[in-house]
*Asks:* 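My structure is below; once you've seen it, I'll send some questions.
The structure presented is a predicted model; accordingly, all values stated were derived computationally and were not measured. In what follows, chains carry the letters A, B, and so on, assigned in the order in which the sequence lines appear, proteins first and then strands, with residues in each chain numbered from 1. Quick note: numbers below take in every heavy atom, side chains included, and nothing from hydrogens, waters or symmetry partners.
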Amino acid sequence: MKYVNDFSVAIAEQLEGVLSEEDIKSIIEVPKFDQQGDLAFPCFVLAKKLKRSPVEIAQQLADQVHYPGFEKVVADGPYVNGFLNKQMVSRDVLTTVMTQDEEYGSYDFGKDHNIVIDFSSPNIAKPFSMGHLRSTVIGNSLAKIADKCGYSVVKVNHLGDWGTQFGKLIVAYKLWGDDDKIQADPIKELLELYVKFHEEAEKYHELESKAREWFSKLEAGDKEALNLWEWFKGESLKEFSKIYQLLNVEFDSYQGEAFYNDLMDETIEKLHQNGLVTTSEGAEVVNLDEYQLPPCLLRKSDGATLYATRDLTAAMYRYKTYQFEKSIYVVGHEQSLHFNQLKSVLEKGEYSWAEKLTHVPFGFILKDGKKMSTRKGKVVLLEQVIEDAIRMAKENIEDKNSNLQDKDEVAKMVGIGAIIFHDLKNERTSNVEFSLDDMLRFEGSTGPYVQYTHARAKSILRKSEVKSDTSGIEGLTDDYSWPVIKSIEKFPQIIVKAFEYYEPSQIAKYLIDLSRDFNKYYANVKILNDDEQLESRIALVRSVTIVLKEGLRLLGIKAPDNM
RNA sequence: GUCCCGGUAGCUCAGUAGGAUAGAGCAACAGCCUUCUAAGCUGUGGGUCGCAGGUUCGAAUCCUGCUCGGGACACCA
């Protein structure tokens, strides 16, 4: 923030080169407690250099530093604490936000660069699990954040539409399948077939080899196998698109694994030319000893290609097609090794863009402390959870605001907002225990809390006569508006942080903080009071709505004006 | 066995370039709606930051060892 610059310049003036302005800037921090001021300069480093007591130095600096942007500068033990001029800063911040509106916090450092984000990527013929939800909402949010930073974003849904599971499914279908049942509820039926297959396969091992047989047929282009595959895929996509519509997620490409089938030989051939491929135990592999990694398998001893081959092919295809600056994979953290191998193979092959690949892992959703397993049918269906959330949101509306218009529309925004926010508020990499109660909570640090804060603020704006105009903003000096102002001022930095760490949770946490600050303000200050600061207070409220709405948008959540 | 994550309040988690007195939400208890939406606000209780060393003026944060939990480790994706 620019006030850090001002502070470091003011301090640098007094130090006569003992520390550079850059150094000072990097030392400056935000005090832990409000009463300690807005910016602090700890004097420990200086004490060492000057061989004097830090307390003494702080005292001297505090007496000498003067800058019109500060109300006062005081020494507090070994710290020099600066108190910003509230009137001036608040006027600046509010004017900026209202002028820039939804562009506030936007950057253009990503201009003219493409980012490919691979996310969601559900498996065909399997239900859309909570795990896929994580990939979907994280990826979707990262796409919006990257766009906010100026990048051109390509959102890729790398569908799991190929692999031996289709062999299993075909076998199961032929043995126990019922067309009518599948038509009626495809995902559920296909899942049951899949689960049944694994149950039966434990007793009758020949099922496994039958499945491999059918998958080979599929790869060879067998008519019957292909038709079944098309059918399963079509039904699955119908189901998925329902969910994407609810979550308001869109993709630029649905090129899944099957798309790369014809390019696989070419990939292996290229790697051969680079001299990377060796044969081991009948399989074609790339040795990665120098990276301290196990070898990467490209082709099984029976001639079939593997997951790694497909991902290598996809990476090459994407680089050729999009010339990406970054290629991000939002995939569960259990696949870290796979992506390390992927990157290492490309590095070894001297593909200069290998370093542009980034695996953005996330922890999984646990059930009773363990990973959920599709094979055993131990999954919680996302669609069910979404329905529950919307229904509960509706009940809340009937209960608290039954005169509301568009109840169903708002219930949808709130219910889904709760689910998405719940998923994004925690650090990506931590595993989370599945808890329906937590997901459907609308109080405390939740999406609906932020939405509610936004709706209250909007409600005030509807009641005020003040025009959306910056000329009357004089600035605010009270204690309750100050945390709100400082919070609003931080928004642009939060976006950069969220982008650099690939962490939407940074934004989610920020929105909770801002909402809390604003709710305190709301509870303690009469906003619609006709005095000379009315326009400034309204500007504050308006700025809060702008930031909350934009922040929620970056998470993929809608902000109703009324709830 | 090797490698990668993680262990902070009863529960879920913040604390990301080492800094002042350890922070929220939930749950529990006690308050606040004739005034801008109570999905809110205010207060109370609750902690050997997994354990032990080390580096430092200063460690929840960095290093080492141990321990517990999860994950990955060649023909699945």
*Asks:* Just wondering, do F33(A) and U21(B) stack (centres under 5.5 Å, planes under 30°)?
*Replies:*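 Stacking is present between U21(B) and F33(A), given that their ring centres fall under 5.5 Å apart and the planes under 30°.
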
*Asks:* For RNA chain B, whose closest nucleotide is more 5', that of Y501(A) or that of D302(A)?
*Replies:* Y501(A)

*Asks:* Measure from the side-chain heavy atoms of K520(A) and tell me the nearest of A38(B), A74(B), U42(B).
*Replies:* U42(B)

*Asks:* What is the distance, rounded to the nearest whole Å, between atom CG of N401(A) and atom P of C36(B)?
*Replies:* 13 Å

*Asks:* Separation of E334(A) atom CD from A72(B) atom P, in whole Å?
*Replies:*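 After rounding, the gap between these two atoms is 7 Å.
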
*Asks:* Among C36(B), G25(B), A39(B), which nucleotide has an atom closest to any side-chain atom of I527(A)?
*Replies:* C36(B)

*Asks:* With rounding to the closest Å, how many angstrom separate the C1' atoms on U35(B) and G40(B)?
*Replies:* 15 Å

*Asks:* Let's test this: given Watson-Crick or G-U wobble pairing with both distances under 3.5 Å, identify the partner of C29(B).
*Replies:*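 In the structure as shown, C29(B) has G43(B) as its Watson-Crick or wobble partner.
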
*Asks:* Whole-Å distance between U16(B) C1' and I507(A) CD1?
*Replies:* 16 Å

*Asks:* Within 45° of the ring axis of Y502(A) and under 6.0 Å from its six-membered ring centre, is that where the NZ or CZ of R428(A) lies?
*Replies:* no

*Asks:* Rounding to the closest angstrom, what is the interatomic distance between A22(B) and U61(B) at atom C1'?
*Replies:* 13 Å

*Asks:* Rounded to the nearest angstrom, tell me the gap between atom CD in E427(A) and atom C1' in G25(B).
*Replies:*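 Rounded to whole Å, this separation is 17 Å.
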
*Asks:* Under 3.5 Å for both donor-acceptor distances, Watson-Crick or wobble: does U34(B) have a partner, and if so which one?
*Replies:*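 U34(B) is paired with nothing.
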
*Asks:* Salt bridge or not between R318(A) and D118(A)? Use side-chain N to carboxylate O under 4.0 Å.
*Replies:*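 Yes, this pair counts.
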
*Asks:* State whether the distance check finds a donor on one side and an acceptor on the other, under 3.5 Å, for side chain N81(A) versus base A20(B).
*Replies:*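 Answer is yes: a donor-acceptor pair is held.
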
*Asks:* Find the partner of U2(B): check Watson-Crick (N1-N3 plus N6-O4 or O6-N4) and G-U wobble (N1-O2, O6-N3) distances, both under 3.5 Å, and reply none if neither fits.
*Replies:*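 Because both required distances fall under 3.5 Å, U2(B) counts as paired with A72(B).
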
*Asks:* Which of these nucleotides, C41(B), G15(B), A20(B), is closest to any side-chain atom of Q506(A)?
*Replies:*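 From the listed options, G15(B) comes nearest.
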
*Asks:* Suppose we call a contact any N or O donor and acceptor under 3.5 Å apart; does that hold for the side chain of Q35(A) and the base of U21(B)?
*Replies:* yes

*Asks:* In Watson-Crick or G-U wobble terms, both distances under 3.5 Å, what is the partner of A52(B)?
*Replies:*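 WC or wobble partner is U64(B).
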
*Asks:* Suppose you measure atom P in U16(B) against the same atom in A59(B); what distance do you get, rounded to whole Å?
*Replies:*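 The same atom, P, in both gives a distance of 16 Å.
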
*Asks:* Do you see a donor-acceptor pair shorter than 3.5 Å between the side chains of S336(A) and H333(A)?
*Replies:*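 No - no donor-acceptor pair under 3.5 Å links their side chains.
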
*Asks:* Can D531(A) and R537(A) be counted as an ion pair, charged N to O under 4.0 angstrom?
*Replies:* yes

*Asks:* Tell me the interatomic distance from N524(A), atom CG, to U42(B), atom C1', rounded to whole angstroms.
*Replies:*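 Atom CG in N524(A) sits about 9 Å away from atom C1' in U42(B).
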
*Asks:* How far does the P atom of C4(B) sit from the matching atom of G43(B), given to the nearest Å?
*Replies:*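 Their P atoms lie roughly 45 Å apart.
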
*Asks:* Determine the interatomic distance between C1' on G70(B) and the same-named atom on A20(B); round to the nearest Å.
*Replies:* 37 Å

*Asks:* Expressed in angstrom and rounded to an integer, what is the separation of F44(A) atom CZ from C57(B) atom P?
*Replies:* 12 Å

*Asks:* Using the P atom on both, measure A27(B) against G69(B) and round to a whole Å.
*Replies:*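 Those two atoms are separated by 31 Å.
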
*Asks:* Do the non-hydrogen side-chain atoms of V331(A) and P361(A) ever get within less than 4.5 Å of each other?
*Replies:* no

*Asks:* Just the rounded figure in Å: distance from P of A39(B) to CG of L440(A).
*Replies:*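 So the two atoms are 18 Å apart, to the nearest Å.
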
*Asks:* When the nearest nucleotide of RNA chain B is assigned to S336(A) and to V525(A) on a heavy-atom basis, which residue is associated with the more 5' position?
*Replies:* S336(A)

*Asks:* Could you work out which one of C26(B), G15(B), A20(B) sits closest to the side chain of R441(A)?
*Replies:* C26(B)

*Asks:* Using atom C1' of each nucleotide, how far apart are U37(B) and U21(B) to the nearest Å?
*Replies:*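 Looking at atom C1' only, U37(B) and U21(B) are 37 Å apart.
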
*Asks:* Rounded to whole angstrom, note down the C1' distance from C5(B) over to G50(B).
*Replies:* 16 Å

*Asks:* Should Y317(A) and Y260(A) be marked as a ring-ring contact (aromatic ring centres under 6.0 Å, His included) after you check the CA-CA gap, both sets of side-chain angles, and the distance that decides it?
*Replies:* CA-CA 9 Å; Y317(A) 175 85; Y260(A) 299 99; 5.6 Å; yes

*Asks:* Using whole Å, report how far CG of L169(A) lies from C1' of A77(B).
*Replies:* 15 Å

*Asks:* Do NZ/NE/NH1/NH2 and the carboxylate oxygens of R391(A) and D388(A) come within less than 4.0 Å?
*Replies:* yes

